[in-house]
J.: 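Got a structure here, written out as structure tokens. Questions coming.
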Amino acid sequence: MHYWLMKSEPEVFGIDHLAASPKRTAAWDGVRNYQVRNMIRDQMQKGDVALFYHSSCAEPGIVGSMRILGPGYPDSTAFQPRHHHFDPKSDPKKPSWYMVDVQLEKRFPRTISLPELKRHAALKSMLILRRGNRLSITPVTPAEWKTILTLAAS
DNA sequence: GCCAACGTTGGC
DNA sequence: GCCAACGTTGGC
């Protein structure tokens, strides 16, 4: 079992969108970075859990938690010419990109903001806080996960 | 809107 | 394989 943090812009796909999806479930598609692709394709599995992070918005921070419903599978949006995530170089017989199904577990009662994350010594190694980090999915340690759930409930 | 940081592309 | 140019991310 792995712990993850997954970033999304709330205006594009935020926690409200996931909450409003059928069964609070959606495909996390559109990943177009090889490091992130590798994590989805090679590591994600049913039973993993993930934090939902809002980026590029008024209050960046962690807003909830999700379940990973199964292993990664080919990202079909890469094959659709009119889709804005279309990638003509992705061959359906040898897909370049992968996505994963996620289900909203909990919307936190408050946003754990980026400045708050930075304040906690226990979180100082989080990859999301590393300068220049641009990966939309990053692994989280069990200790970080626990700390964040505690903060969310406080 | 600015800009630092990083990934990708493509000429050589 | 090098590396400059370019595009994207994301906080501020």
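Predicted model only: the values in this text are computed from it and were never measured. Residue numbers begin at 1 in each chain, while the letters A, B, ... track the order of the sequences.
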J.: Between Tyr53(A) and dG11(C), does any side-chain N or O lie under 4.0 Å from OP1 or OP2?
T.: yes
J.: Measure CG/Asn133(A) against C1'/dG11(C) and give the value in whole Å, please.
T.: 12 Å
J.: Round to the nearest Å and state the distance from Met126(A) atom CE to dG10(C) atom P.
T.: 14 Å
J.: Rounded to whole angstroms, how far apart are CG on Leu135(A) and C1' on dT9(C)?
T.: 11 Å
J.: With a 3.5 Å cut-off and sequence neighbours excluded, list the donor-acceptor pairs that the side chains of residues 147-154 of chain A form with protein atoms.
T.:
residue	atom	partner	partner atom	Å
Thr147(A)	OG1	Ala143(A)	O	2.9
Thr150(A)	OG1	Lys146(A)	O	2.9
Ser154(A)	OG	Leu151(A)	O	2.7

J.: Just the rounded figure in Å: distance from C1' of dG10(C) to NZ of Lys118(A).
T.: 11 Å
J.: Roughly how many Å is it from CZ in Arg37(A) to C1' in dG7(B), rounded to a whole number?
T.: 14 Å
J.: Take atom NE2 of His54(A) and atom P of dT9(C), then tell me their distance rounded to the nearest Å.
T.: 17 Å
J.: Let me know the distance between CD of Glu59(A) and C1' of dC12(C), rounded to the nearest Å.
T.: 14 Å
J.: Need one value for Glu9(A): base, sugar-phosphate or nothing, where a base atom within 4.0 Å counts as base even if backbone is also close, heavy atoms only.
T.: nothing
J.: So Phe52(A) and Trp4(A), ring-ring contact (aromatic ring centres under 6.0 Å, His included) or not? Walk me through it.
T.: CA-CA 9 Å; Phe52(A) 197 132; Trp4(A) 306 99; over 10 Å; no
J.: Could you tell me the separation between the CD1 atom of Ile128(A) and the CD1 atom of Ile137(A), rounded to the nearest 0.5 Å?
T.: 11.0 Å
J.: Any idea which of dG11(C), dT9(B), dA4(B) is nearest the Arg131(A) side chain?
T.: dA4(B)
J.: Roughly how many Å is it from CG in Leu5(A) to P in dG10(C), rounded to a whole number?
T.: 11 Å
J.: I want to check one thing: is the phosphate of dT9(C), taken as OP1 and OP2, less than 4.0 Å away from some side-chain N or O of Lys7(A)?
T.: no
J.: Where do Arg32(A) and Thr77(A) land on the side-chain hydrogen bond (donor to acceptor under 3.5 Å, both in side chains) test, with the steps shown first?
T.: CA-CA 11 Å; Arg32(A) 296 294 180 267; Thr77(A) 67; 3.1 Å; yes
